[in-house]
Amino acid sequence: MQFELQYTASDTKARAGIIETDHGKIETPIFMPVGTAGSVKGIHKKELKEDIKAQIILGNTYHLYLRPGVDIIEQAGGLHRFNGWDGPILTDSGGYQVFSLGDIRKLTEEGARFQSHIDGSYHLFTPENVMDIQRKIGADIVMAFDECTPGDAEFAYAKKSLELTRRWLERCWNRFEQTSPFYGHRQSLFPIVQGAVYPDLRQKAAEHVTLFGADGYAIGGLSVGEPEEEMYAMTEVVNEILPQDKPRYLMGVGTPVNILESIDRGVDMFDCVMPTRNGRNGMLFTIEGIINIKNRKWAADFSPVDPNGTSFVDRQYNKAFLRHLIISNEMLGAQIASQHNLAFYLWLVKEARRHILANTFKRWKEKMVKQLAVRL
RNA sequence: GGGGAGAUACCAAAGUGGCCAACUGGGGCAGACUGUAAAUCUGCUGGCAAAUGCCUUCGUAGGUUCGAAUCCUGCUCUCCCCA
């Protein structure tokens, strides 16, 4: 994988670039739709490509490992062959599940012992086997196995957690170096910077990961319960240290505003379940603000889902009908909302990129941030 | 015509003397959701003050009782069975 930094402006840390993988190019800043179980929920490949214009999607090691199982994916010839998505794929390592599964897992020096949320069976993830699994899944970008420290972690815990993540990273890196891709295309391992909301921890973590000379770096453990200002502050601290010429990926973020603010602070890559999950639950993101389509006020609003929208579904369906679908639990409702939201997110980062290249990002961002948070 | 059952908040349905402004489900209204255990979860849903308070409710009109959605009587209506 290669990264070409195309443009940095003077009044912002925002950057535009191009990531080149063996499955195609990614223009940054970019938003990556989340497809945990190998599919972006409710969205066909054709829509993802042609309508939403996704350039890269995510998969999840933990979920794919439990179901369908690594052997099936290996038999299929890797995740690209399995799910039919021939563009770039990034897999998360399962570090987030170690965090979100809470009481059904236990951390040791060796790794994370956990119970399947599906059948309760016991499993062990180690930095080594997570690398092996991700080799078999075959994503273009794979993530280090880390502990995603909770946002409200005490300093002592955060420090200890960070040290574990650091040792795990070394083991991930070694294993990754010692193994080769299964399917002929290159894979890149991204280290993850942890350190909760403590600037000195974040700083040390950023310095440490930089030593690896990776193809890209991730900032993890944010948007996990801490105030937004802390998230921005940590991003600034870390991006000050991460190498300029490598992409930075802010994991799990976020709202449209979060994304613009983070682009402004030098982040290149984002992923978040928000456009799909919140979409399924009736929340629509638009250029004019946020719509809760379940609210009564949309019941007889026959205007397009989003008159400013770029998605096929924005023009094809009206708000009242979408509301009816979602309230009636019709699956088409979830599909339309997800498709709209993803198209909006991809439009947003594309616009950001355009403004960065035109050196008008800062002003445009300030204007957008005010609109995007409005509740309609 | 004879016999039986029942009427509870928007709907369905518990409750059959005080712990009942009334279980629960649906519907309705709002909220949450950030590397997806999520087509999920939470709250409110008689009125008014909205915090611990007050007022009016369980078909309807009376009665018994310190106290009634719950017991008694009349009335109205609904459903079922037999002719």
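In what follows, chains are A, B, ... by sequence order, proteins preceding strands, each numbered from 1. Since we're looking at a predicted model, the values are computed, not measured.
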* To do: Assign B:A13 to syn or anti; the rule is syn for a glycosidic angle within 90° of 0 and anti otherwise.
  =>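 Here B:A13 takes the anti form, which means its glycosidic angle is more than 90° from 0.
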Got a list of protein N/O to nucleotides 29-32 of chain B N/O distances below 3.5 Å?
unit_1	atom_1	unit_2	atom_2	d
B:C29	OP1	A:R296	NH1	2.6
B:C29	OP1	A:R323	NH2	3.3
B:A30	OP2	A:R296	N	3.0
B:G31	OP2	A:N292	ND2	3.1
B:G31	OP2	A:N295	OD1	3.4
B:G31	OP2	A:N295	ND2	3.1

Pairwise N/O distances under 3.5 Å, protein to nucleotides 34-37 of chain B:
unit_1	atom_1	unit_2	atom_2	d
B:U34	OP1	A:R277	NH1	3.3
B:U34	O3'	A:G252	O	3.1
B:U34	O2'	A:S223	O	3.2
B:U34	O2'	A:S223	OG	2.5
B:U34	O2'	A:G252	O	2.5
B:U34	O2	A:N258	OD1	3.3
B:U34	N3	A:N258	OD1	3.0
B:G35	OP1	A:V273	N	2.8
B:G35	OP2	A:Y96	OH	3.3
B:G35	O4'	A:G252	N	3.0
B:G35	O4'	A:D271	OD1	3.4
B:G35	O4'	A:D271	OD2	3.3
B:G35	O2'	A:D92	OD2	3.2
B:G35	O6	A:Q194	NE2	3.3
B:G35	N1	A:D146	OD1	3.3
B:G35	N1	A:D146	OD2	2.8
B:G35	N2	A:D92	OD1	3.2
B:G35	N2	A:D146	OD1	3.2
B:G35	N2	A:D146	OD2	3.4
B:G35	N3	A:D92	OD1	3.2
B:U36	OP1	A:N60	ND2	3.0
B:U36	OP1	A:D92	OD2	3.2
B:U36	OP1	A:Q97	NE2	3.4
B:U36	OP2	A:T36	OG1	3.4
B:U36	O5'	A:Q97	NE2	3.4
B:U36	O4'	A:R277	NH2	3.1
B:U36	O3'	A:H63	NE2	3.2
B:U36	O3'	A:Q97	NE2	3.1
B:U36	O2	A:R277	NE	3.2
B:U36	O2	A:R277	NH2	3.4
B:U36	O2	A:R280	NH2	3.4
B:U36	N3	A:R280	NH2	3.4
B:U36	O4	A:T276	OG1	2.4
B:A37	OP2	A:S100	OG	2.8
B:A37	O5'	A:H63	NE2	3.1

* Asked: Hey, which of A:V98, A:T126, A:L169 is the one that makes side-chain contact (heavy atoms from CB on, under 4.5 Å) with A:F145?
  -> A:V98
* From the options A:T28, A:I19, A:I26, select the one residue that forms a side-chain contact (heavy atoms from CB on, under 4.5 Å) with A:Q55. => A:I26
* Go through A:D119 and A:S116 one step at a time and tell me if the side-chain hydrogen bond (donor to acceptor under 3.5 Å, both in side chains) criterion holds. => CA-CA 6 Å; A:D119 63 6; A:S116 160; 3.1 Å; yes
Taking the same atom, [atom1], in [N] and in [M], what whole-Å distance lies between them?
N: B:U70; M: B:U57; atom1: C1'; result: 15 Å
N: B:G27; M: B:A12; atom1: C1'; result: 10 Å
N: B:A83; M: B:C77; atom1: P; result: 26 Å
N: B:U60; M: B:U8; atom1: C1'; result: 14 Å

* To do: With pairs defined as Watson-Crick or G-U wobble and both distances under 3.5 angstrom, please note down RNA chain B as a dot-bracket string, | for pairing with another strand.
  => ((((((((.[[[..)..(.....]]]((((((.......))))))(((....)))...[[[[[..)....]]]]]))))))).
* Examine the side chains of A:R135 and A:T179 and answer whether a donor and an acceptor come within less than 3.5 Å of each other. => yes
* Asked: Should A:T149 and A:S161 be marked as a side-chain hydrogen bond (donor to acceptor under 3.5 Å, both in side chains) after you check the CA-CA gap, both sets of side-chain angles, and the distance that decides it?
  -> CA-CA 7 Å; A:T149 316; A:S161 164; 2.9 Å; yes
* Could you tell me whether a side-chain N or O of A:R353 sits under 3.5 Å from a main-chain N or O of A:G17, the two making a donor and an acceptor? => yes
* **NZ or CZ of A:K49 within 45° of A:W85 ring axis and under 6.0 Å** => yes
* Name the one of A:Y62, A:F99, A:Y122 that satisfies ring-ring contact (aromatic ring centres under 6.0 Å, His included) with A:F114? ->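 Answer to the ring-ring contact (aromatic ring centres under 6.0 Å, His included) test with A:F114 among A:Y62, A:F99, A:Y122: A:Y62.
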